[in-house]
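Comments concern the structure below.
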Amino acid sequence: MSKALSVALVGADTPAAQTVLDVLGEMLADMSFAIAALYPLSDDEDAGTVELRDHVLPVIDVEVFDWSTVEAAVFVGVPELASKYAAQAAQANVAVIDLTGATQSKVGQPRRGQIVSLPHVLTSMVSATLAAFKTLGQLDFAAATAMVSVSEDGKSAIEALSMQTRQLFAQQEVELAGYPKRLAFNVLPTAQRGEEARIHTELAAAGHAINSLTVSRVPVFFGHAVSVTAHFAAPQTMAALEEAIHGAPALYLLQGSGAVGIATPQDAIGGDKVWANQLQLSEDGRTATIWLVADNARLPARAAALLLALV
C-alpha cells in the first residue's frame, strides 16, 4: 500500500468530483490506496457536504484554504478554479493534478511543487484504438468524429442544458449561457474552442498523428462517443481487427445481436474502459471504422486516483 496522503479536491461540488470520490472510495475499500485527510474545496458558499465512503465532509471555501496542509491536490470540474489556484498550490509544494485542462501543465508522474495533467478524454479514446490498429500494420490515414457530452465543460454546462430543455418545453426564450448556439436538441461544432488543436497535439505526442478530427457538443449530460476511421497500408481481416481490439487493455469490444450489441454513451457510464462497437471493414480490407463510447468522468477520475498513489 502507498503511504497515506492528505489531499485537496478542488471543485468538490461538481458531478465530476463525485466520480473522483467514488473511485477513491473503491480504492480505499480494496486497500490499494490510503488517504490521511481529504479536504473538499469549492468557491460556492452553498456547496454543503460530500461523502467519501461512510464519511460526510463539509466543503471548504477554496479562497481561504491553507495549501501547506496537503501533499496533493486534484482540480476537477471547474476550469476557472484551476486557472486561479493550481499554480498557488504548486508554489506551496503540493503535487497538483489538473483534470480540467485549464493549466499549462505536463503529462507525467506527479511531483511535489509541480502541476501535471491528463490528456483529453478523446485523446485517450482515439489513442487506444489507433495503437490497437497499429499492431496489425502501418496506417496511411486516420480520422475521427467526436460527439462530446456537455459535462466536458463542467457543472455550468450541465445546468445550461437542463435549463434550456425546460425553457424549450415551456415555450420560453432560451438562454445561451455563454454558448454561441443553444445546446438543447442541437449539435454544436466546437472547433473555435481550441479543443481539436489540443487533441491533435496530444495524439502526435503519443505517436498517433491523425489526419482529420471534428469535435461537436451533443445534448447529452454524460458520456462521449467517437467514430474512428483508419486506412491500412495493407489489407486486414475482420478476425485480425477483433483480435487487436480484444488485446488492447483500455478497450472493451462489445459484440452481440440486437439491442444488446449496440453501445451507447449511457451504457459506458460507470465503466473503466472504452467500449468499442460497430466494427466495420471495407471490401478491400484496408479501411476500418469503429464506434467508441466512454464515461468521460470515470476514465480521468480513475487515472487521477492512480496518479495520487504515485505522489
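The figures that follow rest on heavy atoms only: side chains count, while hydrogens, waters and symmetry mates do not.
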Once you measure the plane-to-plane angle for Trp67 and Tyr85, does it fall in the parallel (<30°), tilted (30-60°) or perpendicular (>60°) bin?
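The rings of Trp67 and Tyr85 sit tilted, inter-plane angle from 30° to 60°.
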Return the minimal non-hydrogen interatomic distance between His208 and Ser127, and the atom names on each side.
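Residues His208 and Ser127, closest heavy atoms: CD2-OG, 3.1 Å.
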So which heavy atom on Met27 is nearest to which on Leu306, and how close?
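In this case the closest contact between Met27 and Leu306 is CE-CD2, 4.0 Å.
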Between [X] (side chain) and [Y] (backbone), is there a donor-acceptor pair under 3.5 Å?
X      : Y      : result
Thr201 : Ala197 : yes
Asp295 : Gly223 : no
Gln91  : Gly113 : no
Arg286 : His231 : no

Close side-chain approach of Glu195 to His120, heavy-atom, < 4.5 Å
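They are in contact (side-chain heavy atoms under 4.5 Å apart), so the answer is yes.
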State, without any angle test, whether [X] and [Y] hold a side-chain donor-acceptor pair at a distance under 3.5 Å.
X      : Y      : answer
Glu242 : Gln255 : yes
Asp66  : Thr69  : no
Asp98  : Thr100 : yes

Presence of salt bridge, Glu63 and Lys84, under 4.0 angstrom
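Judged by the 4.0 Å cut-off on N to carboxylate O distance, Lys84 and Glu63 do not form a salt bridge.
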Is Arg298 salt-bridged to Asp22, cutoff N-O under 4.0 Å?
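Looking at Arg298 and Asp22, the cut-off is not met.
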Hydrophobic clustering (ILVMFWY, side-chain heavy atoms < 4.5 Å, transitive) - are Val226 and Val220 grouped together?
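In one cluster with Val220: Val226, no.
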In this structure, are over 12 heavy atoms from other groups packed under 6.0 Å from Gln266 atom CD?
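Open: at most 12 neighbouring heavy atoms sit under 6.0 Å from CD of Gln266.
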What do you reckon, is NE2 of His246 surrounded by more than 12 foreign heavy atoms closer than 6.0 Å?
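More than 12 heavy atoms, drawn from other residues, nucleotides or ligands, come within 6.0 Å of this atom.
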